[in-house]
Amino acid sequence: MNHPIFLPFYLGFLAWLCLFSVKAEDPYKFFTMEVTYGQINPLGVPQRGILINGRFPGPTIDCVTNDNVIVNVINKLDEPFLITCYTFVFLFFFVSWDQDSNGIKQRKTSWQDGVLGTNCPIPPNSNWTYQMQMKDQIGSFSYFPSTLMHRAAGGYGGINIYARAVIFVPYLKPVEQFTLLVSDWWKSDHKVLQQTLDSGKPLPMADALLINGHPSLKSFTVLGGQLYMFRVSNVALTTSINFRIQGHTMTLVETEGSHTLQETYESLDLHVGQSASFLVRMSASPKDYFIVASTRFTKPILTATSILHYDGSNTKASLPLPTAPTYHIHWSMKQARTIRWNLTANAARPNPQGSYHYGTIPVTRTIVLANSEENINGKLRYAVNQVSYVNPETPLKIADFYNISGVFKLNSTKDTPHSIPATLGTSVLGFTLHDYVEIIFQNNENTTQSWHLDGSDFWPVGFGSGQWDTTKRRRFYNLNDATTRHTVQVYPKSWSAILVSLDNKGMWNLRSAIWPRQYLGQQLYIKVWNDEQSYRTEYGIPDNALRCGQAPLK
Ligand SMILES: *[C@@H]1O[C@H](CO)[C@@H](O)[C@H](O)[C@H]1NC(C)=O
Ligand SMILES: *[C@@H]1O[C@H](CO)[C@@H](O)[C@H](O)[C@H]1NC(C)=O
Ligand SMILES: *[C@@H]1O[C@H](CO)[C@@H](O)[C@H](O)[C@H]1NC(C)=O
Ligand SMILES: *[C@@H]1O[C@H](CO)[C@@H](O)[C@H](O)[C@H]1NC(C)=O
Ligand SMILES: *[C@@H]1O[C@H](CO)[C@@H](O)[C@H](O)[C@H]1NC(C)=O
């Protein structure tokens, strides 16, 4: 999880006072998530799914800014042992980040990030409790399994973080909110898909696209004339989507915790891992309409539909479906540039978002990360600057905490692409706390990429085609009103640039959100550090931390 505040029962009373005297007031919300296999049939044929509390998709977590959220995850999956203890894992991470509209960066801890570089996996028939605080956040997010190919079987759900009652929300209040999770889906079992990747072959094209677990026919009932909110997340493993509603326009109000300029769209591209909240006024004539999600930049195009049902109407939705934008990368790139911060609007805190002048801060380091498809030892792998990441048995975070040598070497990956043969490795880039970093994602491949950073939000300041060079800063960067996000797309044969303020000490995963790519090595970790030993900047290992690899027992 990105930035939960662990409740440190083990801290001294003084530290407790410093850190938590204010937060002790914030409400606690308790959730249990029982993770089981169960039969589902999204495509009309029974197959094995991963259910959360018996449901696919999993339940939506509804909470309010600053809530302390305690989630007890019970792993009842019973997987056969394949290679390592990682086979048995089931962890979650929350695709979320903190809104720091007032420039005060929030502290978070990577101890609860729920990825294999920071946490030991939860063994079958046991449980582990995440403890975190939704500190200074609002918006639509999602959760999903971060281990193996579990995501391909479900296990995902929505997270909605509502503003506190005292905080002004910069848009009209909808009468109701709908959470829509769009995913790609395979008829094959997730273990078969995993074996395909393990054997060095690419994942086949998905068989279908789903909205909330259904390719069609799911219905949302609305009252004519009223205003509704659609919280849409692309929880797919592989594909960008386009989202649209027949006969209606959509007003974008929020993306991944930023309040946007309220632009109206006929349709919007959402890339793997991204979320957006739209307001839609039900001002069309009362009948049924199609809600459509379709894949972008794929052949063939997969389409999922749901029904927008005006209460009391008996008229079925009529074909044709509203058309998707054509293939054009250029169109999508242009649209991406229209998603901008509303500088005067606040987010989770009362301060306007624009009071943080991210474009004026001097960059302390520029790194260029190029993704590539590689053949290593006869198998398909994906690499970043020619290193294809492999998970060590001992999570990086634990190795670092206990000074266990030989698990990783800092800076073994280069800051810029080099033409050297690709190798397997455990890449960790070292940064100093408060570094202000420019990261260029250079995509020389012909597929769309999606990059996610845990632990810090960032500003996607530029998108462009071809090779990035320093002249692009002047020509293409938005240093004024880019939104903050946690996931950025990179178009085929193009680059995307982000600025990120590394104010969050810890070990953070920077990965391809495209799941087979991260599974086969398109990821790395960044260690954000300084030598100050203080619970002010980083907590010690949580009392309930699971142990694995070379981690000493308590
Ligand atoms: C497992 O669940 C039980 C109660 O259901 C709880 O008391 C215990 O703390 C949990 N274990 C962990 C490691 O979170
Ligand atoms: C920006 O936010 C303000 C509220 O602070 C709101 O009144 C205004 O309409 C918003 N502007 C746009 C273009 O969304
Ligand atoms: C790890 O090494 C650092 C620096 O030498 C030291 O301050 C710290 O106490 C060590 N941690 C453990 C758990 O031994
Ligand atoms: C890693 O690289 C950063 C930036 O160049 C540097 O500050 C840091 O000291 C390096 N760490 C090691 C262990 O080489
Ligand atoms: C993308 O590149 C691969 C090889 O790198 C090639 O086989 C494939 O045809 C290309 N696809 C498109 C759509 O250009």
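Atoms within each ligand, like the ligands themselves, are counted from 1 in listed order.
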Inspect the contact between [Y] and [X] and indicate whether a charged nitrogen and a carboxylate oxygen are less than 4.0 angstrom apart.
| X | Y | value |
| --- | --- | --- |
| K397 | D400 | no |
| R365 | E438 | no |
| K135 | D26 | no |
| K29 | D62 | no |

- [ ] Evaluate side-chain contact (heavy atoms from CB on, under 4.5 Å) for W341 paired with T260, printing each intermediate quantity in order.
- [x] CA-CA 5 Å; W341 241 6; T260 60; over 6 Å; no
Open item on the list: Can you confirm, on distance only, whether ligand 1 has an N/O atom lying under 3.5 Å from any N/O atom belonging to N72?
Closed with: yes
Open item on the list: Quick check on contacts: which atoms of ligand 1 are under 4.0 angstrom from a heavy atom of T129?
Closed with: 10 (C), 12 (C), 14 (O)
Open item on the list: For Y525 and Y389, I'd like to know if the aromatic rings sit close, meaning centre-to-centre distance below 6.0 Å.
Closed with: yes
- [ ] Determine whether the aromatic ring centres of Y228 and F278 lie less than 6.0 Å apart.
- [x] no
- [ ] Output the set of protein residues with a heavy-atom contact under 4.0 Å to ligand 4, ordered first by chain identifier and then by residue number.
- [x] R365, L410, N411, G430
Atoms in ligand 2 flagged as close to [X], the criterion being non-hydrogen separation under 4.0 Å:
| X | result |
| --- | --- |
| N342 | 1 (C), 2 (O), 3 (C), 8 (C), 10 (C), 11 (N), 12 (C), 14 (O) |
| T344 | 1 (C), 2 (O), 3 (C), 5 (O) |
| Q262 | 12 (C), 13 (C), 14 (O) |

Review item, side-chain donor-acceptor pairs of residues 420-433, under 3.5 Å, at least two apart:
unit_1, atom_1, unit_2, atom_2, d
T426, OG1, V390, O, 3.0
S427, OG, T413, OG1, 3.1

TODO: Find out whether the Lys NZ or Arg CZ of K527 is both under 6.0 angstrom from the six-membered ring centre of W508 and within 45° of the ring's axis.
DONE: no
Open item on the list: Taking distance alone, with N or O pairs closer than 3.5 Å, would you say N346 contacts ligand 2?
Closed with: no
